[in-house]
Amino acid sequence: MIWDRCVMVDWSGGADRGLSPKKDSIWIGQAVAGQSEPPEYCRNRVVAEERLAEIISAARDTGERLLIGFDFPFGYPTGFASAVSGSPDPLALWAELARRLPASVDGRERMDVAAELNALFPDEGPFWFDVFKTGAVPSKKPLQTAVAEWRAVEGQAKGAFSCWQLGGAGSVGSQALMGIPVLERLRQRFDVSVWPFEALDTQVAFVEIWPSLIAQEIAQSQAVDEIKDAAQVRVVAQAVSRLSPSEFTAMLEDVPKAGRMEGWIFGLGHETALAGAARQGRLRNDCFALPPGVDWAPVEDALALLRARLGPVTDEETIQVWEAACRVLARDVTALRAHPPAANSAVDGYGLSEGLPSGLHHIPLAQGRAAAGAPFKGQIPEGSALRILTGATLPEGVTTVLLEEDCRVTDTSISVEGPLKRGANARSAGEDVKQGATLLAAGRVLTPADLALLSATGHGTAPVRKRLRVAILSTGDELREPGRPLQSGQIADANRPMLAALVRGLGHDVLDLGICQDDRSALSSKFDRAAAEADVLLTSGGASAGEEDHVSALLTQSGSMAMWRIAIKPGRPLALGLWKGCPVFGLPGNPVAAMVCSLIFARPALAQLAGASWSEPLAIEVPAAFSKRKKAGRREYLRARLVEGRAKVFASEGSGRISGLSWADGLVELPHEAVEIRPGMPVRYLPFSGLFA
Ligand code: AMP
Ligand code: MG
């Protein structure tokens with residue numbers, strides 16, 4: 001991370017906004033190491049200037065590197081600086097504006113200053129929108145002025161407002177006029193460099209930002225009761241603080257010549273990377289880093305790391321209960337109503353007001369009946385029984401139901417042998433689920449039975465996470481689509497169909513990215529597409545450290561590469577990292593290793609990213625139908641099949657043998673320690689049915 005702390009400021013050109021937090025005022029959001037702190041409200045510019053000075057002083061004391069972003073233009077279209085200060089240097093203009101506009105709470109004087117600046121031009125001058133209706137500046141946009149309406153950057157930032165417009169929606173003109181002098185004063189007090197006018201070689205840097213670049217991510221992340229300006233600074237601060245050094249540098253450097261003098265918007269043209277960094281629950285760039293100094297990490301340690309560092313990256317949506325099977329619940333859900341909602345009969349029979357003592361009873365039969373969906377509305381005469389059917393709401397006064405099979409019945413009465421307990425054969429209201437009770441916890445993968453429970457307790461819809469989109473890519477010059485003729489040296493791509501089916505079976509969506517040659521730039525375009533269109537990328541092949549291992553090379557380039565050397569067989573090194581915010585799982589190319597690594601590592605990792613709670617794979621102990629001696633130091637998975645309750649293993653352990661993978665119906669897991677298995681000894685068997693559908 002280049003910057004220890006990212007501070008983003010939503011500026012305002014207007015007057016004091018009062019004590020309580022409001023929109024359209026100044027908001028300051030800070031993030032450290034990818035985690036944002038609660039945004040702060042500043043009622044006016046003087047308060048904000050002091051607060052920024054405090055933040056900068058604090059950083060100076062601790063040695064933290066500070067990046068501060070402001071959402072107003074740092075400069076004006078070419079020609080303006082020269083006209084005002086006699087020099088094209090944008091920072092000379094800053095000094096001149098600070099001279100004309102000292103610190104001010106209400107800022108009314110900006111109109112007079114705009115008028116003075118207009119007077120420097122032969123025509124009407126560029127500033128317009130007469131906020132206080134004093135006639136100081138034109139009320140309408142001038143038809144033509146000596147200086148251009150837009151900076152070069154606004155030609156690319158569609159929808160941005162003009163720095164000449166002093167009022168109305170956005171009122172960017174007033175924000176810049178009242179903002180630049182504040183920045184200039186801070187620059188005089190502290191050692192600050194200003195992008196893109198200066199090299200960022202000081203401890204504190206100012207950049208121009210435009211939150212609209214990631215408007216969608218901000219809208220998705222904004223809490224219901226959160227002020228939009230607060231959400232903007234929070235999300236932008238978090239996003240910028242999560243950029244990798246190479247992403248950050250690319251954004252800093254991508255400024256055309258005109259922008260170097262007029263100012264430029266940080267991140268323009270790099271919206272995918274910014275949006276990726278902003279995405280909810282996004283991952284830290286070092287989220288896959290294994291503890292240093294470990295040569296071959298035990299499988300448990302690698303899994304514990306995935307469990308601790310990966311969280312949901314998908315947004316919430318509300319869908320019909322009907323559609324919700326296999327989806328991940330996004331929030332805890334409570335019962336909207338009790339189940340059953342009313343006391344009712346558990347059997348077909350006769351309803352009584354009380355239980356019965358032992359002995360033979362003759363009971364008169366009341367007129368009418370109670371059935372499911374057709375409750376009895378009348379009065380039951382004292383001491384009478386009423387015909388009642390399963391599921392019927394118990395009529396007023398009925399507590400107990402006689403089972404039909406236990407009664408002899410005439411047209412007018414029933415005879416029955418006691419005793420019968422009060423409440424027998426009746427279900428009380430809420431005996432299954434009380435209203436308000438917690439039904440299911442966030443992270444639950446909804447089962448068919450859960451849909452019944454949700455429906456029964458009053459839910460027509462369920463809050464779930466959007467399906468995780470998993471991009472799948474095979475890499476290798478030797479690979480051809482299955483079914484195609486093969487030239488010498490070529491093989492069919494076996495991994496993509498397998499991994500796609502596996503991922504779908506786990507309940508995720510698949511984005512097929514096809515086959516990529518062993519070519520760095522082709523691969524980086526595929527990675528870009530995954531980052532733009534998917535939540536996570538699974539690649540196979542090219543994950544080791546050889547010269548044709550471009551997956552690991554690209555992740556190294558992105559600054560997030562973690563080479564996982566896990567003590568597992570079959571398995572080769574895995575390359576894990578983030579590409580523009582998108583987690584990448586670089587699986588080994590070998591299909592057997594790709595499958596086992598997917599089942600053991602990618603399956604739980606994808607579940608975490610999808611928002612599901614951690615679940616261990618289903619494992620059962622069965623007697624071995626094989627012999628094997630294994631050394632300590634790695635966990636082994638054998639392709640296995642249950643035959644008459646005993647685990648057989650595939651004859652060859654060769655990791656290129658796809659036929660054995662297909663023959664197997666599960667895996668036998670042998671522990672890290674040394675073991676010697678003989679037939680009949682218990683082994684851990686993991687059925688594929690517990691690993692994928
Ligand atoms: P790599 O991890 O790229 O070094 O590949 C290891 C081995 O797996 C090589 O023999 C590759 O030809 C093979 N391989 C890589 N990708 C696939 C694939 N998609 N389908 C089948 N075999 C593959
Ligand atoms: Mg390869």
Side-chain angles (χ1 to χ4, degrees), residues 288 296 302 470-505 510-527 529-530 534 536-557 561-577 579 584-603 605-606 634 637 639 650 652-664 692:
F288 294 117
W296 291 93
V470 183
I472 296 183
L473 176 68
S474 291
T475 73
D477 283 341
E478 73 280 28
L479 301 178
R480 287 294 171 273
E481 285 295 339
R484 289 289 177 81
L486 300 178
Q487 314 279 313
S488 119
Q490 297 183 334
I491 60 170
D493 179 2
N495 289 344
R496 243 163 73 245
M498 172 177 78
L499 294 175
L502 185 96
V503 164
R504 284 199 195 94
V510 166
L511 172 67
D512 179 18
L513 292 185
I515 296 169
C516 188
Q517 303 294 294
D518 289 320
D519 172 85
R520 193 92 31 115
S521 77
L523 193 62
S524 105
S525 323
K526 294 279 190 184
F527 276 27
R529 197 173 153 213
V536 50
L537 169 62
L538 290 189
T539 66
S540 65
S544 302
E547 71 237 48
E548 292 298 346
D549 288 322
H550 300 284
V551 171
S552 37
L554 275 182
L555 292 177
T556 303
Q557 187 184 313
M561 170 71 183
M563 179 64 86
W564 277 29
R565 295 179 196 282
I566 310 296
I568 183 173
K569 184 187 168 192
R572 304 256 319 142
L574 302 182
L576 279 75
W579 185 262
V584 180
F585 272 79
L587 299 164
N590 182 304
V592 177
M595 175 73 150
V596 169
C597 291
S598 300
L599 291 176
I600 304 308
F601 300 113
R603 184 195 72 93
L606 295 182
R634 68 179 177 199
Y637 288 95
R639 284 151 276 179
F650 192 61
S652 158
E653 285 184 25
S655 63
R657 301 289 190 97
I658 302 179
S659 63
L661 208 51
S662 168
W663 169 89
F692 58 91

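Every number for a ligand or one of its atoms is a count from 1 in the order of the listing. Keep in mind the model is a prediction, meaning the values are calculated, not measured. In what follows, every heavy atom counts, from backbone to side chain, and hydrogens, waters and symmetry copies are set aside.
- Selection from Ala494, Gly489, Ser544, Pro573 by nearest heavy atom to atom 21 (C) of ligand 1 gives Ala494.
- Each of the following atoms of ligand 1 lies closer than 4.0 Å to a heavy atom of Pro591: 21 (C), 22 (N).
- Residue-level proximity to ligand 1 for Ile515 is absent, since no heavy atom of it falls below 4.0 angstrom.
- Taking the six-membered ring for Trp and thresholds of 30 and 60 degrees, Trp663 and Phe650 have ring planes inclined between 30 and 60 degrees apart.
- Side-chain contact between Pro588 and Leu574 is present, with at least one heavy-atom pair separated by less than 4.5 Å.
- The nearest protein atom to atom 12 (O) of ligand 1, hydrogens excluded, is given as Glu478 OE2, 2.6 Å; this is a heavy-atom distance.
- Ranking the protein heavy atoms by distance from atom 4 (O) of ligand 1 puts Asp549 OD1, 4.4 Å first.
- For ligand 1, the atoms lying closer than 4.0 Å to a non-hydrogen atom of Ala492 are 20 (N), 21 (C).
- Between Thr475 and Lys526 the shortest side-chain heavy-atom distance does not fall below 4.5 Å.
- Of the candidates Leu606, Val596, Leu576, Ile568, Phe601 forms a side chain to side chain contact (heavy atoms under 4.5 Å, CB included) with just one, namely Ile568.
- Using a 4.5 Å heavy-atom cutoff, the side chains of Leu554 and Val584 are not in contact.
- Distance from atom 19 (N) of ligand 1 to its nearest protein heavy atom, with residue and atom name: Asp493 OD1, 2.7 Å.
- Of the protein's heavy atoms, none falls inside 4.0 Å of atom 10 (O) of ligand 1.
- Separating the CG atom in Leu523 from the CG atom in Asp518 is a distance of 8.5 Å, to the nearest 0.5 Å.
- Side-chain contact between Leu537 and Leu513 is present, with heavy atoms from C-beta onward closer than 4.5 Å.
- Not a single heavy atom of Ala594 sits less than 4.0 Å from an atom of ligand 1.
- Between Leu479 and Ile491, some side-chain heavy-atom pair lies under the 4.5 Å cut-off.
- Between Leu499 and Ser598 the shortest side-chain heavy-atom distance falls below 4.5 Å.
- Atom 7 (C) of ligand 1 has as its closest protein heavy atom Asn590 N, 3.8 Å.
- For the pair Arg496 and ligand 1, the shortest N or O to N or O distance does not fall below 3.5 Å.
- Without hydrogens or angle criteria, Asp519 side chain to Ala522 main chain gives a donor-acceptor distance under 3.5 Å.
- Annotation: side chain of Leu599 is in contact with side chain of Leu502 (closest heavy-atom distance under 4.5 Å).
- Among the atoms of Leu479, none of the N or O lies under 3.5 angstrom from an N or O of ligand 1.
- Taking distance alone, with nitrogen or oxygen atoms compared against 3.5 Å, Gly589 approaches ligand 1 more closely than that limit.
- Protein heavy atom in closest approach to atom 22 (N) of ligand 1: Ile491 CD1, 3.5 Å.
- Less than 4.0 angstrom separates some heavy atom of Ser474 from each of these atoms of ligand 1: 19 (N).
- For atom 18 (C) of ligand 1, the nearest non-hydrogen atom of the protein is Asn495 ND2, 3.3 Å.
- Residue contacts with ligand 1: Gly542 is placed with a nitrogen or oxygen under 3.5 Å of a nitrogen or oxygen of the ligand (distance criterion only).
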